[in-house]
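Report on the structure given below.
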Amino acid sequence: MSTVQESDQVVQRRANLEELRALGIDVYPRKFDATDTVDALVAAHGETPGEVLEATPIATRAAGRILGIRSFGKANFLVLSDGRARIQAYIRADSLPEADFRIFKLLDFGDWVGVEGTIFRTRTNELTIKASGLTFLSKCLLPLPEKWHGLTDVETRYRQRYLDLVVNPDSRRVFEVRSRVVTAIREFLIARGFLEVETPMMQAIAGGALARPFVTHHNALDMRLYMRIAPELYLKRLTVGGIERVFEINRNFRNEGISTQHNPEFTMLEFYQAYADYNDLMVLTETMFAEVARKAAGAEEVTFGEHTISLRAPFRRLPLREGARAAASRRLGIEVTEADLRSRERAAALAGQLGIEITDAMPAGKIASEIFERLCEDELVQPTFVCDFPTDVSPLSKQKPDDPETVERFELYMGGFEVANAFSELNDPVEQRRRFEAQLANRAGGDDEAHAMDDDYIRALEFGMPPAAGEGVGIDRLVMVLSNSPSIRDVILFPLMRPR
RNA sequence: GGGCCGAUAGCUCAAUUGGCAGAGCAGCAGACUCUUAAUCUGCGGGUUGUAGGUUCGAUUCCUACUCGGCUCACCA
């Protein structure tokens, strides 16, 4: 947004500002010494009866943005917001200095002020600061959205998030949930001996996931760099280095479509635990999610759209081929077997019958997972560990000891989308090299999201990586579920938008 | 990228068959010493997303474009 045309309202607000200046007031003062936040006042005295407040008057100094002015000549009310809570201030001409009352007369909806006074309850039992002093703190020169309907235009809410936060308390609530989610995860992992680290965001090889990267360039080194699509290979190098429990919460970047579940930059928790396998991580994840839900949303059951989602452990386990097999059987009215899904030829035929497009380059496992995603994904509302993925869609996972076509991997679905992905980590350098080579073949076959060869990573494995399991958790999506937000843009403060 | 929908005052929304572009809040002037979506009286406020076209006349119909939403495709 560039300059806004000077409407009559803006002219008026500027005039009010100049009039304050003419009174000798510093209209952009340095500071205000508040003794309490509005939120703290409401929390502390929201239930205190009026008689108690009257018997022992409580003095306070609080500041905030004006979100309401009700004027009755000599008796006036201001609604003061600190972004979390609101409290009203009672401004009486004969209760505060004349100069301060003159300030009041020049206030506009949206201005920042500080109020000094004592707390009482009005006849209508409203908790109120009876002002004995009023300090002007900053001017709102542009008219804010309306007090009653707030701001509903989604484009403006995303582009000018600050307006959304000013007038829509629910929006603020979402980002408080988000903050608590991250805090709860940190506490959970640190309490279990995990070390938080930061690994490169700019990488010479964008590995650890199958996705198109953003490309950038380092001038001094004259080298191509990729914004990371995952921290995985660096965190696993750290397990080679002996950091047995490690995690990172940070941004990933993927150069792909935008949707209600995809933003080009998104926040991911990734953690690795040595000596554990994917079964251990399922237990860890259930425990963690239940705790995070309690701490961030206040309960293990949350409302998500028309659903109630329970994050109480344990979560359902559903082997991928079993889910795909059952769904395909239902859809086609025939008995589909797991063996069908393991056969390239029969799986391809099934996909054809189901109307799922496949390419010649797709191996059987890829087709099975396509069938699963198309038929099952939307129905996975309650937390479900989809487990035992085909090997050829999982280049970094360890195979099951008795079934080399299957890896020890799970994805956690809830609310109808994927929230986490984990596996027993492939730590055999020879097998890892073979998997990378298979990926290179896919790339040659036209799959530009296939994993690149990473010799440096192979070398790290050759030094010996302990048995370990690792997991990535999409923080944004988890927050969506825990804050009942239908779009990922609702949980990202400044989602990517085309410039206007 | 495809499909559908949307864009009107600062905000939230109307506008009949194509016929003077309106309301509430916000703003301005005034009244009011406990209101809370305060109330009451009066007043101002518009390049109807952009560019074209059809028409005596376009917010309305048509075309293109911009931005956005949903959705499909895509998406470890």
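Because only heavy atoms are used, hydrogens play no part in the values below, and waters and symmetry mates are left out as well, while side chains stay in. Proteins get letters first, then strands, A, B, ... in listed order; numbering begins at 1 in each.
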Under 4.0 Å between a side-chain N/O of A/R498 and OP1 or OP2 of B/U66, yes or no?
-> no
Does the side chain of A/R13 get closer than 4.0 angstrom to OP1 or OP2 of B/G27 through an N or O atom?
-> no
With sequence neighbours excluded, tell me which residues meet side-chain hydrogen bond (donor to acceptor under 3.5 Å, both in side chains) with A/S424.
-> A/E408
Of all residues at least two apart in sequence or in a different chain, which pass the side chain to side chain contact (heavy atoms under 4.5 Å, CB included) check with A/F214?
-> A/M227, A/F253, A/N255, A/P264
B/C25 P sits how many Å from A/L67 CG, rounded?
-> 18 Å
Output all residues satisfying salt bridge (Lys or Arg N to Asp or Glu O under 4.0 Å) with A/R321, sequence neighbours left out; order by chain, then residue number.
-> none
By side-chain hydrogen bond (donor to acceptor under 3.5 Å, both in side chains), which residues pair with A/T122, not counting sequence neighbours?
-> A/T124
Does A/T152 have a side-chain nitrogen or oxygen under 4.0 Å from the phosphate oxygens OP1 or OP2 of B/C13?
-> yes
note: A/I91, atom CD1; B/C32, atom C1'; distance rounded to Å ~ 17 Å
A/E18, CD atom: more than 12 neighbouring heavy atoms under 6.0 Å | yes
Which residues satisfy the side-chain hydrogen bond (donor to acceptor under 3.5 Å, both in side chains) test with A/D39, sequence neighbours excluded?
-> A/R84
Interatomic distance, A/E377 CD vs B/C75 P [rounded to whole Å] | 11 Å
Pairwise 5' ranking along RNA chain B for A/F77 and A/E411, keeping only the more 5' one = A/F77
Salt bridge (Lys or Arg N to Asp or Glu O under 4.0 Å) partners of A/E471, counting only residues at least two apart | none
Distance, P atom - from B/A7 to B/C11, rounded to whole angstrom = 14 Å
What's the CZ-P distance between A/R157 and B/C11, to the nearest Å?
-> 15 Å
Can you tell me, in whole Å, how much space there is between the P of B/A14 and that of B/U8?
-> 11 Å
In terms of side-chain heavy atoms of A/V154, which of B/G69, B/C74, B/C28 is nearest?
-> B/G69
Who passes salt bridge (Lys or Arg N to Asp or Glu O under 4.0 Å) against A/K236, sequence neighbours left out?
-> A/E232, A/E425
What integer distance in Å separates A/L151:CG from B/G68:P?
-> 16 Å
Think A/R317 forms a cation-pi with A/F385, using NZ or CZ under 6.0 Å from the six-ring centre and within 45 degrees of its axis?
-> no
For nucleotides B/U55 and B/C61, find the distance between their C1' atoms and express it as a whole number of Å.
-> 10 Å
Looking only at side-chain atoms of A/H262, point me to the closest of B/G27, B/C75, B/U33.
-> B/C75
Report yes or no: is there a donor-acceptor pair, N or O only, under 3.5 Å between the side chain of A/Q88 and the base of B/U35?
-> yes
Could you pick out which residue, A/V393 or A/M497, lies toward the 5' side of RNA chain B when each is mapped onto its nearest nucleotide?
-> A/M497
Considering only the C1' atoms, how many Å lie between B/C34 and B/A29, rounded to the nearest integer?
-> 25 Å
Per-nucleotide protein contact string for nucleotides 37-44 of chain B, where B marks a base within reach and S marks sugar-phosphate only (heavy atoms under 4.0 Å, - for neither) = BB-----B
With A/V166, which residues qualify under side chain to side chain contact (heavy atoms under 4.5 Å, CB included), at least two apart?
-> A/R65, A/L67, A/L144
Distance col, row A/S483:OG vs A/F175:CZ, nearest 0.5 angstrom, shows 8.5 Å
d(CG, A/N76; C1', B/A31) in whole Å = 13 Å
Looking only at side-chain atoms of A/P143, point me to the closest of B/G69, B/G10, B/U33.
-> B/G10
Under 4.0 angstrom between A/R212 side-chain N/O and B/C74 OP1 or OP2 = no
Both distances under 3.5 Å, Watson-Crick or G-U wobble: on that basis, could you give the dot-bracket string for RNA chain B, with [ ] for crossing pairs and | for other-strand partners?
-> (((((((..((((.....[..)))).(((((.......))))).....(((((..]....))))))))))))....
Between B/U35 atom C1' and A/L127 atom CG, what is the distance in whole Å?
-> 15 Å
Answer yes or no: is there an ion pair linking A/E98 with A/R102, defined by an N-O contact shorter than 4.0 Å?
-> yes
Is any side-chain N or O of A/R374 closer than 4.0 Å to OP1 or OP2 of B/A73?
-> yes
Is the closest basic N to carboxylate O distance between A/D392 and A/K366 below 4.0 Å?
-> no
Enumerate the residues from residues 416-427 of chain A whose closest heavy atom to RNA chain B is under 4.0 Å, giving them by residue number; use none for an empty result.
-> A/E418, A/N421
Can you check the A/K74 NZ to B/G30 P distance for me, whole Å?
-> 15 Å
Nearest-Å distance once atom P is located in both B/G2 and B/A64 | 12 Å
Mind checking what makes salt bridge (Lys or Arg N to Asp or Glu O under 4.0 Å) contact with A/E418, not counting sequence neighbours?
-> none
The side chain of A/E256 lies closest to which of these nucleotides: B/U71, B/U33, B/C75?
-> B/C75
